[in-house]
Amino acid sequence: MTDTVRVRFAPSPTGFLHIGGARTALFNWLFARRHKGAFILRIEDTDTTRSTDEYIEAIIEGMRWLGLDWDEGPFRQTDRFDVYRSYADRLIRDGMAYHCYCSPEELEERRKEALAQGKPLMYDGRCRDLKAPVPGVAPAVRFRMPREGRTVVDDMIKGFVEFENWQLDDLIILRSDNTPTYNLTVVVDDVDMKITHIIRGDDHLNNTPKQIQLYKALGYETPKFAHLPMILGADKARLSKRHGATSVMAYYEMGYLPEALINYLVRLGWSFGDQEVFSRDELIEHFSFEHVGKAAAVFNPEKLTWLNSQYIMKSDPARLAELVIPFLVKEKIINEEASVDLAWLARAVVTLQERAKTLVELASSLRYFFSDPASYDEKAEAKFLNDKNLPFIVELRDGLRSLEDYSHDGIEKIFTALVERHEIKLGAIAQPVRVALTGGTVSPGIFEVIGIIGKETTLRRLDKAIDRIRSINPV
RNA sequence: GGUCCCAUCGUCUAGCGGUCUAGGACGUGGCCCUCUCAAGGCUAAAACACGGGUUCGAUUCCCGUUGGGACCGCCA
């Protein structure tokens with residue numbers, strides 16, 4: 001390829017950036033970066049009744065979160081209506097388009113009829129050769145589709161796909177209110193923006209021959225096409241709200257890392273041998289349509305979660321500490337105004353990195369680093385905070401109180417001394433202490449926890465537990 | 001209904017005629033490690049939709065069948 005690659009992501013702002021759109025954006029982005037080309041963001045907002053600025057913002061927010069940066073745009077098609085109209089005029093002048101006076105209601109009626117009779121749902125072309133305008137009716141403009149021959153789509157993923165021209169509809173390019181429709185604007189913009197490769201969902205494959213005819217009528221070369229297979233829900237139906245979270249930002253809320261989502265999305269349909277985990281640079285280096293599959297893929301949340309846990313495990317603790325703060329606030333573990341010692345938080349994060357699958361989990365596991373247990377897990381208390389264990393806990397507390405070397409090793413020595421003296425297993429003392437310090441039976445290594453929460457807090461929590469055991473089991 | 005696309009373990013996939021007693025990953029079961037939980041290691045169960053061809057030989061190529069999906073808007 002000698003020409004500079006230029007690709008675009010062209011969402012319509014009628015909803016949030018969803019999983020499917022994100023993957024389309026990602027593949028465009030990867031292809032552009034791979035070939036050192038340009039990635040253009042274009043907002044297809046010609047449906048003014050359904051498009052909103054809020055959704056534009058939401059889409060941009062989603063792209064930013066995923067780190068899919070664009071080189072040009074965002075362009076808005078509503079800014080270019082005059083351009084599209086001039087192209088439409090040109091087509092009318094050249095006899096490639098014509099005025100259609102059929103009303104939407106009539107068309108809908110005919111569609112229903114055709115469906116009932118099992119006939120193709122196509123425009124019957126009745127205004128195609130009208131000699132004179134119909135008075136008092138504002139016409140739409142239709143493209144005059146050729147009725148002879150065939151159109152072949154040369155697709156980088158699907159190969160050659162052939163269509164009979166007579167089966168292609170005379171599509172509307174200008175509404176009766178003089179606003180342009182998608183099929184016109186997409187072609188005009190891709191021409192004007194010098195798009196070299198159109199990478200989009202394969203739900204557009206059936207539109208492609210019609211658009212190719214538009215390119216021809218306008219006298220332009222067609223770009224290359226790559227139609228990506230759809231992403232399906234667990235029930236094999238196209239991914240939709242019914243399948244739970246489909247907005248990309250919902251994954252932010254659930255505590256996923258953008259690189260995990262990116263990694264998951266790229267492997268949905270693309271592969272590189274047996275490799276599962278990719279850095280962004282590796283993705284850019286290896287991405288190619290040669291290894292994009294043709295079949296639709298089912299979205300599998302478990303695997304995404306696994307990838308997320310992998311990325312959390314490998315993340316820089318300092319970064320994780322910063323990322324987790326909003327979640328700590330949301331979980332009401334800290335106040336919004338509270339200032340947090342990030343270096344200290346990072347130490348706590350290190351102990352939980354390989355235990356948390358999401359930032360939400362990480363945050364909630366962090367709770368006992370910030371505050372004393374409000375209560376003890378019922379079963380855990382019954383099993384471990386009892387008079388049988390009381391002497392050990394007391395002895396350990398005393399040991400820690402007089403400990404001067406309050407380091408991991410120093411703490412460990414207190415434990416091992418106690419374990420040896422009483423010939424018990426480490427678990428026999430570690431678990432009661434864990435319950436006393438965290439309120440439950442699950443936590444990182446107990447020496448780490450003791451070290452991070454600090455001497456004062458440790459002693460206070462042990463004292464609390466001791467008091468409680470004594471009050472419940474009076475001597 | 002018409003057109004188009006697709007088809008390897010439950011899921012994501014490797015495989016581009018012989019290397020396939022079909023490989024990896026998620027998930028699931030078991031074992032090991034172990035202060036709990038994880039992580040990690042080992043291990044098990046689990047797939048070429050079906051039927052015809054082509055070929056010395058088909059998971060791989062061709063055709064049908066079946067099954068999924070998409071599109072058929074004055075939506076994009």
Side-chain angles (χ1 to χ4, degrees), chain A residues 10-14 44-47 49-51 77 100 102-104 107-108 111 114-123 138-142 153 155 157-159 161-164 167-169 171-177 179 181-183 185-186 200-209 227 229-230 232 234 236-238 264 267-277 290-291 293-307 309 313 352-357 365 380 384 415 419 425-435 438 440-447:
Chain A
S12 73
T14 53
E44 310 224 321
D45 55 352
T46 51
D47 183 356
T49 58
R50 295 197 305 147
S51 301
Q77 294 189 318
C100 174
C102 301
S103 73
L107 293 168
E108 186 53 37
R111 250 192 301 278
L115 195 64
Q117 294 175 216
K119 292 207 284 215
L121 313 178
M122 269 177 67
Y123 178 62
V141 175
R142 280 186 191 270
V153 180
D155 193 273
I157 294 169
K158 310 278 186 185
V161 185
E162 291 190 84
F163 297 83
E164 297 288 344
Q167 295 190 124
L168 304 179
D169 223 340
L171 32 87
I172 288 180
I173 55 175
L174 234 46
R175 300 184 185 92
S176 49
D177 65 0
T179 58
T181 64
Y182 164 73
N183 280 109
T185 59
V186 72
R200 62 198 347 178
D202 72 8
D203 48 337
H204 285 282
L205 189 53
N206 284 301
N207 284 325
T208 307
H227 285 95
M230 299 276 92
L232 275 23
K236 303 258 183 184
R238 191 180 171 157
Y264 179 70
R267 281 286 288 107
L268 218 49
W270 175 82
S271 63
F272 187 71
D274 283 340
Q275 192 171 342
E276 294 286 350
V277 181
E290 226 172 292
H291 293 284
K294 294 179 175 186
V298 174
F299 186 83
N300 179 210
E302 279 82 34
K303 189 155 183 182
L304 203 212
T305 301
W306 173 77
L307 271 167
S309 69
M313 230 181 289
L352 289 163
Q353 270 182 282
E354 61 184 31
R355 294 172 164 81
K357 295 187 189 326
S365 303
F384 296 109
F415 275 82
V419 161
K425 288 190 170 182
L426 180 55
I429 179 62
Q431 280 303 79
V433 170
R434 192 174 334 261
V435 177
T438 71
T441 55
V442 175
S443 88
I446 198 65
F447 311 142

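Every chain is numbered from 1, with letters handed out A, B, ... down the list of sequences. The figures that follow rest on heavy atoms only: side chains count, while hydrogens, waters and symmetry mates do not.
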May I have the distance from [X] (atom [atom1]) to [N] (atom [atom2]), rounded to whole angstrom?
X: Phe447(A); N: U34(B); atom1: CZ; atom2: C1'; value: 12 Å
X: Leu174(A); N: A76(B); atom1: CG; atom2: P; value: 12 Å
X: Lys158(A); N: A7(B); atom1: NZ; atom2: C1'; value: 12 Å
X: His204(A); N: A76(B); atom1: NE2; atom2: C1'; value: 6 Å
X: Glu302(A); N: C12(B); atom1: CD; atom2: P; value: 13 Å
X: Leu232(A); N: C5(B); atom1: CG; atom2: C1'; value: 12 Å
X: Lys236(A); N: G67(B); atom1: NZ; atom2: P; value: 15 Å
X: Asn206(A); N: G69(B); atom1: CG; atom2: P; value: 16 Å

If I pick the [atom1] atom on [M] and the same atom on [N], what distance separates them, to the nearest angstrom?
N: U59(B); M: U13(B); atom1: C1'; answer: 14 Å
N: G24(B); M: C9(B); atom1: P; answer: 16 Å
N: U8(B); M: A25(B); atom1: C1'; answer: 15 Å
N: G73(B); M: C12(B); atom1: P; answer: 31 Å
N: A7(B); M: A49(B); atom1: C1'; answer: 7 Å
N: G52(B); M: G69(B); atom1: P; answer: 28 Å
N: C48(B); M: C6(B); atom1: C1'; answer: 16 Å
N: C56(B); M: G51(B); atom1: P; answer: 23 Å

Counting the atoms with a prime plus P, OP1 and OP2 as sugar-phosphate, which does [X] contact under 4.0 Å by heavy atoms, base, sugar-phosphate, or nothing?
X: Cys100(A); result: nothing
X: Thr441(A); result: base
X: Pro444(A); result: base
X: Glu162(A); result: sugar-phosphate
X: Leu205(A); result: sugar-phosphate
X: Met122(A); result: nothing
X: Phe163(A); result: sugar-phosphate
X: His227(A); result: nothing

- Message: Both Ser12(A) and Gly293(A) contact RNA chain B. Taking the nearest nucleotide for each, which residue is further toward the 5' end?
- Response: Gly293(A)
- Could you check Leu426(A) against Asp45(A) and say which one's nearest nucleotide on RNA chain B is further toward the 5' end? Leu426(A)
Between [options], which nucleotide has the shortest distance from any of its atoms to the side chain of [X]?
X: Ala297(A); options: C4(B), U36(B), U13(B); answer: U13(B)
X: Trp306(A); options: G69(B), C26(B), C6(B); answer: C26(B)
X: Ile172(A); options: C74(B), A76(B), U11(B); answer: C74(B)
X: Arg111(A); options: G69(B), G73(B), A76(B); answer: G73(B)
X: Gln167(A); options: U3(B), C5(B), A39(B); answer: U3(B)
X: Lys303(A); options: A39(B), C12(B), C35(B); answer: C12(B)
X: Asp274(A); options: G68(B), C72(B), G23(B); answer: G23(B)
X: Leu121(A); options: C26(B), C4(B), G1(B); answer: G1(B)
X: Lys357(A); options: A76(B), A70(B), A39(B); answer: A39(B)
X: Thr46(A); options: C74(B), A76(B), U11(B); answer: A76(B)

Any donor-acceptor pair under 3.5 Å between the side chain of [X] and the base of [N]?
X: Glu276(A); N: G24(B); value: yes
X: Asp203(A); N: A76(B); value: no
X: Ser176(A); N: C74(B); value: yes

Distance from [X] atom [atom1] to [Y] atom [atom2], nearest 0.5 Å?
X: Gln77(A); Y: Thr179(A); atom1: CD; atom2: OG1; value: 11.5 Å
X: Glu44(A); Y: Thr181(A); atom1: CD; atom2: OG1; value: 11.0 Å
X: Ser12(A); Y: Tyr182(A); atom1: OG; atom2: OH; value: 9.5 Å
X: Lys357(A); Y: Ser365(A); atom1: NZ; atom2: OG; value: 11.0 Å
X: Ser309(A); Y: Glu354(A); atom1: OG; atom2: CD; value: 10.5 Å
X: Asn300(A); Y: Tyr264(A); atom1: CG; atom2: OH; value: 4.5 Å

For [N], the Watson-Crick or wobble partner whose two distances fall under 3.5 Å:
N: A38(B); value: none
N: C26(B); value: G10(B)
N: G1(B); value: C72(B)
N: A49(B); value: U65(B)

- Message: Quick check on A14(B): is either OP1 or OP2 less than 4.0 Å from any side-chain nitrogen or oxygen of Ser271(A)?
- Response: yes
- Phosphate contact (G68(B) OP1 or OP2) by Arg238(A) side-chain N/O below 4.0 Å: no
- Is the backbone of Gly445(A) close enough, under 3.5 Å, to the side chain of Arg434(A) for a donor and an acceptor to pair up by distance? no
- Message: For Leu171(A), is there any backbone N or O sitting under 3.5 Å from a side-chain donor or acceptor partner on Asp169(A)?
- Response: no
- Message: Apply side-chain contact (heavy atoms from CB on, under 4.5 Å) to residues Phe299(A) and Leu304(A) and explain how you reach the verdict.
- Response: CA-CA 9 Å; Phe299(A) 186 83; Leu304(A) 203 212; 4.2 Å; yes
